[in-house]
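The chains referred to below are lettered A, B, ... by the order of the sequence lines, with proteins before strands, and numbering in each begins at 1.
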Amino acid sequence: MNKKTAHELNNLLVNKKISSVELTKAVLDRIDKTEGKVQAYVTVTREDALKQAKAADSRISELPDTRIPLLTGIPIAIKDNMCTKGVLTTCSSKILANYIPPYNATVVEKIKAAGAVIVGKANMDEFAMGSSTENSGLHPTYNPWDLERVPGGSSGGSAAAVAANECILATGSDTGGSIRQPASFCGVVGFKPTYGRVSRYGLIAFASSLDQIGPLTKDVTDTAILMNVLVGYDPKDSTSVNQPVPDYQKALIDNVKNLKIGYIKELLGQGIDQEVKASIEQAMKKLEELGAKLIEVSMPSFEHAVATYYLIAPAEASSNLARYDGVKFGHRSKEAKDLLTMYYNTRREGFGAEVKRRIMLGTYALSAGYYDAYYLKALKVRTLIKQDFDRAFMKYDVLLSPTAPSIAFKFGEKTADPLAMYISDIATIPINLAGLPAISLPCGFSKKAPIGLQIIGRAFDEETVLRAAFTYEQNTDWHKQIPEL
Amino acid sequence: MSYETVIGLETHAQLATESKMFCGCPTKFGAKPNTNICPVCTGQPGVLPVTNKKAIELAIKTAIALNCKIEPQSVFARKNYFYPDLPKGYQVSQYELPLATNGHLEIEVGGNIRKIGIIRVHLEEDAGKSIHQGAGRILGSASSLIDYNRTGTPLIEIVSEPDIRSPKEAAVFMQALANLLQYIGVCDAKMEEGSLRCDANLSVRERGSSEFGVRTELKNMNSFKAVEKALLFEEKRHTEVLADGGKISQETRFFDDTTNTTHGMRGKEEAHDYRYFPEPDLVPVAPDKKWVEAIRSALGELPEERKNRFIANHRLSSNDAFLLISQRATADFFEECVILLNKPKIIANWILGDLQAYLNARNLTIKQANFSPVQLVELIQLIDKGTISGKIAKTVLIKVLETGNSVKDVIAESGMTQMSDEGTLVKIVQSVLAANPKQVEQYKAGKTTIIAFLVGQVMKETKGRANPGLANKILKQELDT
């Protein structure tokens with residue numbers, strides 16, 4: 001039953017065909033069986049999960065059917081950069097290997113209030129910096145479709161756990177593609193909402209102006225269900241937006257007739273794997289058959305997106321990560337003799353190579369004499385990228401591209417060359433810079449590894465993105481494929 | 001060669017809010033260490049700041065009182081540096097776009113009114129407090145403890161133009177600013193307790209030069225006197241170095257109040273690069289115009305306006321008016337008196353003279369003293385009626401202040417009413433004349449001014465209670481017959 005989606009399981013739970021305890025046990029059994037191969041989790045909260053499942057079962061028996069929240073009793077994995085009160089939250093970093101938060105992230109509160117059962121904390125690239133989960137300071141995660149391949153990142157643990165049926169759904173966070181790219185690599189659905197839609201309170205910051213929490217699920221319907229739980233204004237997050245929230249399930253309409261879809265020329269040209277390109281073109285054809293209008297659109301500023309991102313994100317990160325200094329929480333070096341050696345050794349021992357690289361990059365970009373040439377220039381290019389999107393959305397309802405230029409790569413393939421790793425986020429990064437909503441959903445396979453289709457929407461128009469994705473999904477069966485483990 | 005001193009002040013004032021700048025923790029002073037803290041102000045992973053609206057309101061209030069322009073949009077920025085009492089590794093402050101700019105504060109030095117420019121007023125959060133064991137600084141201490149209670153307390157920074165020309169002026173500016181902040185109720189402004197702090201920049205140049213000299217920044221002055229002393233030392237040091245043909249190096253210097261000297265803190269090689277950038281966790285502050293206007297009207301009359309009204313309506317000297325308005329309570333006391341008795345000049349003289357002297361000597365405020373406008377007016381009216389003399393009134397005032405008894409009781413108890421009974425006075429005058437035959441002779445010989453001495457003798461005999469006018473009259477009568 002752990003292979004099923006949340007909306008299917010909800011039906012079984014409400015009709016008392018199964019109990020949440022049975023379902024949670026099935027998920028925990030699956031974890032026992034496959035986690036040795038996948039290593040999707042940092043922490044499995046076994047006892048706590050069973051307690052929550054029991055509580056969910058009594059809630060189901062007490063409440064009238066119509067008043068049972070859809071996620072009641074459904075096992076969910078939380079990315080390990082979202083604070084869970086009393087439960088280890090490491091950000092997959094040695095520097096936080098012992099950190100137990102004194103509070104819950106707003107999304108965790110919401111998920112608990114919705115009755116979902118938290119089964120564990122999912123592995124990730126350290127501080128969400130990476131595209132393969134190889135940068136986890138704790139252990140790698142393996143792609144359930146091919147254990148020689150990476151699951152993508154940084155939400156690699158969340159995507160792999162969903163794909164391996166080690167949970168029903170999961171949360172991820174997306175700063176430059178960290179939900180969508182692992183969703184693409186693992187053959188699941190991943191959605192990054194508009195910046196400001198979901199509270200960041202309790203999300204351990206990587207790059208504050210880009211970070212956004214979103215769902216990783218087995219299909220678009222589950223994405224809409226989890227979205228309904230996650231979104232909403234939070235007075236604790238000044239950057240969350242106080243706007244009415246629609247019911248995303250109502251956006252799930254199997255109809256794209258006359259929908260104007262712009263496919264991004266720059267993301268279907270050079271540097272894109274031929275089989276990926278072929279799958280995307282197949283998907284475009286399918287959407288056209290279903291009544292959508294597909295038109296080529298050019299986004300000239302995209303060529304500067306990766307460079308822009310790798311100034312803004314590290315600049316913010318260099319400041320956000322200053323608090324890990326050995327003074328208040330987390331790792332403190334035993335080699336400390338005085339204040340400076342405490343700082344130096346704590347951070348040298350606690351942070352991994354990629355995190356150090358980005359702290360140095362960001363510190364440099366903000367330094368006196370370089371600020372104007374790097375950080376300020378990057379902010380200006382960011383505005384140009386936004387303007388490219390604004391222009392495109394005057395003509396088109398949604399935009400389309402591959403989520404990643406290739407299928408999941410093999411371990412070690414890109415670790416020696418950080419630039420090659422960075423460029424693999426070319427299709428997802430511009431969306432974060434513009435703060436827009438975008439989804440990745442399965443649209444094919446190459447060498448038995450999944451390919452992801454990205455659909456991008458206007459700011460706060462998650463509904464059109466969901467409608468287009470839902471329509472495509474209803475008329476294909478890529479999302480029904482399950483990896484053999 | 002003649003030198004001119006140029007001083008600019010950077011003042012930090014703790015805003016009198018109930019809660020901290022970016023979280024709901026109380027700002028109360030003196031709580032047990034690390035009890036007024038939460039995940040936000042201790043910089044736990046994942047937390048976000050939420051701006052305290054009251055702090056913005058108080059900062060706007062200050063900016064209005066300092067005649068500043070409130071910027072339609074100001075932006076919080078992160079000031080990055082590592083220190084254990086700074087839990088996030090950055091301080092949220094304002095940098096390129098401050099809350100308010102371009103104001104001024106009037107001060108009075110040596111009878112002259114000086115207008116000191118204010119470059120900017122901006123909001124920021126305070127750091128925690130380090131307590132070093134075994135040394136005054138972290139360097140050389142055995143260990144250090146940190147109290148995060150103060151972390152996140154809202155501060156405003158007020159930066160003056162380099163318009164101040166002497167250490168004395170700097171001290172007067174600080175006192176005037178403290179008075180203003182107290183007056184409008186945004187800060188209790190106690191330098192000794194750290195709710196008002198000040199860094200000073202000083203440079204010295206040849207008189208007449210339009211260029212600035214090399215400046216040094218002075219820190220650790222914990223009283224108005226310390227500000228003046230530190231600047232006096234530094235002014236002398238600069239002048240001597242320059243007179244000897246030497247050069248001042250730009251640096252931060254630490255004031256030592258045990259020796260009244262300054263010494264260098266850190267050299268250029270350690271100069272900080274704070275890597276300021278816009279705080280991405282907060283949206284810009286864009287105060288609604290209506291809100292700003294509401295704050296402006298709720299603020300009521302500002303000290304400067306009140307001063308001008310005192311001069312215009314009560315015909316006070318600008319000096320008296322300035323002194324009255326420098327404490328809100330004093331100005332209020334004065335106005336209440338004037339309502340009861342329309343003799344503003346006499347009332348001002350009493351308040352700024354004997355009353356203020358009594359309060360200053362005991363380090364009391366007018367509110368703390370057990371004394372009301374009704375009592376002062378009663379005292380003045382008794383003088384007018386001739387019940388007591390002006391001289392006696394001074395004694396009565398002190399007695400009233402010391403005992404808290406009513407004016408009437410004090411006078412009755414000590415029998416200090418003025419002696420206006422002619423029969424009694426005639427007898428006293430006669431005895432005075434009998435005791436001073438020499439002076440009587442002089443008077444009769446034509447030296448009539450000697451009568452002043454004889455009046456004095458009558459006053460002495462009556463312990464000051466004789467009505468001096470009446471005594472004069474009787475003396476003349478007796479001498480001329």
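The two residues A:A322 and B:G89 make their nearest non-hydrogen contact at CB-CA, 3.8 Å.
To the nearest 0.5 Å, atom CG of residue A:L339 and atom OG of residue B:S141 are 9.0 Å apart. Remark: A:S367 OG to B:D273 CG distance equals 5.0 Å, nearest 0.5 Å. The structure places OG of A:S319 at 9.5 Å from NZ of B:K88, a figure rounded to the nearest 0.5 Å. Rounded to the nearest 0.5 angstrom, B:F277 CZ and A:L376 CG are separated by 13.0 Å. Here the CZ atom belonging to A:R200 is positioned 4.5 Å from the CG atom belonging to B:D281, to the nearest 0.5 angstrom.
Atom CD of B:E18 sits in a sparse spot, with 12 or fewer heavy atoms from other residues, nucleotides or ligands closer than 6.0 Å. Within 6.0 Å of the CD atom in B:Q133, the count of heavy atoms belonging to other residues, nucleotides or ligands exceeds 12. Under a cut-off of 6.0 angstrom, the local environment of NZ in A:K377 is sparse, with at most 12 non-hydrogen atoms contributed by other residues, nucleotides or ligands.
Interface remark: A:L96 contributes side-chain atoms only to the contact with chain B (heavy atom separation under 4.5 Å). Contact annotation for A:Y370: neither backbone nor side-chain heavy atoms come within less than 4.5 Å of a heavy atom of chain B. With a 4.5 Å cut-off on non-hydrogen atoms, A:N81 does not touch chain B at all. With a threshold of 4.5 angstrom between heavy atoms, A:T89 does not approach chain B through any atom at all. Proximity to chain B (any heavy atom under 4.5 Å) is shown, for A:Y201, by both the backbone and the side chain.
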Trace of the side chain to side chain contact (heavy atoms under 4.5 Å, CB included) decision for B:R275 with A:Y371 = CA-CA 8 Å; B:R275 289 174 283 116; A:Y371 182 89; over 6 Å; no

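A:R323 and B:Y90 share a donor-acceptor pair across their side chains, judged by distance under 3.5 Å alone.
For a heavy-atom cut-off of 4.5 Å, chain A lies close to B:R78, B:N80, B:F82, B:Y83, B:P84 in residues 76-84 of chain B. Using a 4.5 Å heavy-atom cut-off against chain A, the contacting residues of residues 34-52 of chain B are B:P39, B:V40, B:T42, B:G43, B:Q44, B:P45, B:G46, B:V47, B:L48, B:P49, B:V50.
Each of A:A315, A:G326, A:G202 has some count of heavy-atom pairs under 4.5 Å with chain B, and the biggest count is that of A:G202. The choice from A:D211, A:D325, A:V327 that makes the most heavy-atom pairs within less than 4.5 Å of chain B is A:V327. With respect to chain B, the highest number of heavy-atom pairs below 4.5 Å among A:C91, A:S209, A:A368 belongs to A:A368.
When side chains are defined from C-beta on, A:Y375 counts as touching B:P278, because their heavy atoms get closer than 4.5 Å.
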